[in-house]
Amino acid sequence: MDKLIITAALVGAELTREQMPHLPISPTEIAEAASAAREAGASIVHLHVRDAESMPTQDVAVFREVISEIKKRTDVICQISTGGAVGTPIELRAEPLSLRPEMATLTTGTVNFGDDVFMNEPSSIEFLAARMKREGVKPEIECFDAGHISNALRLVKKGLLDEPLYFDFVMGVPGGIPGTAPDLMHCVASLPAGARWQVAGIGRAELRLAAVAIVLGGNVRVGFEDNIYYSRGVLAESNAQLVARIARISRELGREVATPEEARELIGLAK
Ligand code: KMH
Ligand code: ZN
């Protein structure tokens, strides 16, 4: 089995300091969290950024600073969010692609998102995919529901997505696909040959789906964006703490953890 790729989703767009006192917000805090996550076993960091008021932003200048601070400290793969926050206009969501990060997320369908709707119209998805292709940015295909997988495969047919494909199943969002092992098995069975995948379980689905993914040969995303608890009612101390547990479980199960360099090779990132 290939080595495990761990992604750390450090910040998110929805979480506040009130909910999670250890949430990294400033560029320095995010870079320190990225470096600690790398030391704990992460090879990718999934990045949202915040403005001076701690609000989610797609401001290119903030992303530039965060990525530059990360690169001063560590060799982890920087993956920017083009999802932004619920309601962010699609043009703003695309803006940080001008920085040509190694990876960016591409959500391939609309989903109810708690009491909100995370809108991804077909024209918006194609706009983002075309922009990523032009900038040479590798998409991570975010599927919040099973239908988002076939939407992505249609983009391959249209020439807007290139293989090898890298999927992320975000499971357990209220309104999206439930965070259960049978639902994950269904997603994995829907993939074309040669595609790689990871799972991002939301809340209490995080750990149990990570364990299933490790055994099945998939990859794992953890971090405050998806889950803030280490165990029932106990807040995690850091993103790195959540990453370290996944690395430990994987090694115990006989699966080594990929370095960023090894992850680049596995995902097929441009040299
Ligand atoms: N904040 C969510 C509405 C992504 O990063 O690409 C969307 C999201 C997906 O987090
Ligand atoms: Zn995100």
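Start at 1 and go down the list; that is how both ligands and their atoms are numbered.
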Could you give me the CA-CA distance, side-chain angles and deciding distance for E142 and R221, then say whether salt bridge (charged side-chain N to carboxylate O under 4.0 Å, His left out) is met? CA-CA 12 Å; E142 306 275 310; R221 181 174 110 173; 3.8 Å; yes
Keeping R196 on the side-chain end and L266 on the backbone end, is there a donor-acceptor pair under 3.5 Å? yes
Distance filter under 4.0 Å, heavy atoms only, around ligand 1 gives A13, E14, H46, H48, S81, G83, G84, V86, T105, F113, F118, E225
Considering the options R264, Q79, K138, which one meets the side chain to side chain donor-acceptor pair (under 3.5 Å) requirement together with E102? R264
For the backbone of I5 and the side chain of S43, can you confirm whether one donor and one acceptor N or O come within less than 3.5 Å of each other? no
Rounded to 10°, how big is the angle at the Zn ion (ligand 2) from E225 OE2 to H48 NE2? 100°
Do L106 and V86 sit in one hydrophobic cluster, given that two such residues count as connected whenever their side-chain heavy atoms are within less than 4.5 Å of each other, even indirectly? no
Approximate separation, where rounding is to 0.5 Å, of D226 CG and L209 CG: 11.0 Å
